[in-house]
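Note that ligands are numbered from 1 as they come in the structure, with each ligand's atoms numbered from 1 the same way. All values reported here derive from a predicted model rather than from experimental measurement.
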Amino acid sequence: MSVRHLLQLRDITQEEIAHLFKRSVVIKDRFKRYERYHPLADRTLVMIFEKASTRTRLSFEAGMQQLGGLAIYLNTRDSQLGRGEPVEDAAQVISRMCDVVMIRTFEQDIIERFAQQSRVPVINGLTNEYHPCQILADIFTFIEHRGSIRGRTVAWIGDSNNVCNTWLQAAEILDFKVHVSTPPGYEVEPERAGLVGTDHFEQFADPHDACQGADLVTTDVWTSMGFEAENEERRKAFENWCVDAPMMQRAKRDALFMHCLPAHRGEEVAAEVMDGPQSVVWDEAENRLHVQKALLEYLVLGRID
Ligand code: CP
Ligand code: NVA
């Protein structure tokens, strides 16, 4: 039987996402009640980080331990991964010593090559192209606050990056719409985003128009990790793509605001929005833990009902 991976959101179905969310509710509830749940006792997660992280490392490491397992952190700086060992060789070795792997790296191709040689499931903890764990947590958070996302409108303001691409895939899988507004030259590339069609998203030149009637407004940093050399150029290009109160006023009255974090107040989001009543960014961050525990449970043990 072939090993299941989560290399991009498209790797799982609508029905599997529904299962993960059902399990996330149970797992979150147990966690809140300090009820021990150790289905992954004697199992090991290896986490490979080629980029910085706070939330992803913490949620996977704490999550694995809360499930009774062990999490091991490797980074490029002090492992052979940073010294030119082929990714295929690393995959052969690492996947013989653990039960599941999470990787944060640069090009999607790196994680794809690792997964091809891996004996165990591989989870994308962020690549230049995608961030599937983030969007699972974001949609779970939306559902907690507002119910089903099907048929809703999400406004994405800013860079058409890994998080944006994953929202666009989610829209196709779960049948909702994304209004995207990026500065000229930073538009969505449907092929890079891994999209099947173009009917679940619409591009807007003016970010205020993209927010019109939205159920959720979301954004991310102007410069993602790995693109720091473009920082100054991007600062100028993205100047008018700051989610502020006038933008939120164009959205529905009960619209939510989300940000995967870390955020830069005064750049992609105004403090009044980030810290305002429509913002659910802390719930969103917390839900990384619960949803990823459901994901670990599913990929290692299969379906538990
Ligand atoms: N949102 C997110 O993935 O955060 P980290 O970079 O801190 O892991
Ligand atoms: N788009 C950002 C997300 C960080 C969690 C980045 O890739 O740096």
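- At a 4.0 Å heavy-atom cut-off, the residues surrounding ligand 1 are Ser53, Thr54, Arg55, Thr56, Arg104, His131, Gln134, Cys260, Leu261, Arg288, listed by chain and number.
- The shortest distance between side-chain heavy atoms of Asp89 and Gln117 does not fall below 4.5 Å.
- Counted within 6.0 Å of CD on Glu35, heavy atoms from surrounding residues, nucleotides or ligands total more than 12; the atom is thus considered enclosed.
- In Asp42, the CG atom is not crowded: 12 or fewer heavy atoms of neighbouring residues, nucleotides or ligands sit closer than 6.0 Å.
- Every residue meeting the salt bridge (Lys or Arg N to Asp or Glu O under 4.0 Å) condition with Asp215, not counting sequence neighbours, appears here in chain and number order: Arg152, Lys252.
- Using a 4.0 Å cut-off between charged side-chain N and carboxylate O, Lys177 and Asp199 make no salt bridge.
- Using a 4.5 Å heavy-atom threshold, the side chains of Val280 and His145 count as touching.
- Annotation: Arg303, atom CZ; neighbour count of heavy atoms from other residues, nucleotides and ligands within 6.0 Å is above 12.
- Protein residues having at least one heavy atom under 4.0 Å from any atom of ligand 2 are Leu126, Asn161, Asn162, Asp220, Val221, Ser224, Met225, Leu261, listed by chain and number.
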Side-chain donor-acceptor distances from residues 118-127 under 3.5 Å, at least two apart:
| residue | atom | partner | partner atom | Å |
| --- | --- | --- | --- | --- |
| Ser118 | OG | Val120 | N | 3.1 |
| Ser118 | OG | Val120 | O | 2.6 |
| Asn124 | OD1 | Leu126 | N | 2.5 |
| Asn124 | OD1 | Thr127 | N | 3.3 |
| Asn124 | ND2 | Leu7 | O | 2.9 |
| Asn124 | ND2 | Gln108 | OE1 | 3.4 |
| Asn124 | ND2 | Thr127 | OG1 | 3.3 |
| Thr127 | OG1 | Gln108 | OE1 | 2.7 |
| Thr127 | OG1 | Glu129 | N | 3.4 |
| Thr127 | OG1 | Tyr130 | N | 3.0 |
| Thr127 | OG1 | Tyr130 | O | 3.4 |

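- Counting heavy atoms of neighbouring residues, nucleotides and ligands inside a 6.0 Å radius, atom CD of Gln65 exceeds 12 of them.
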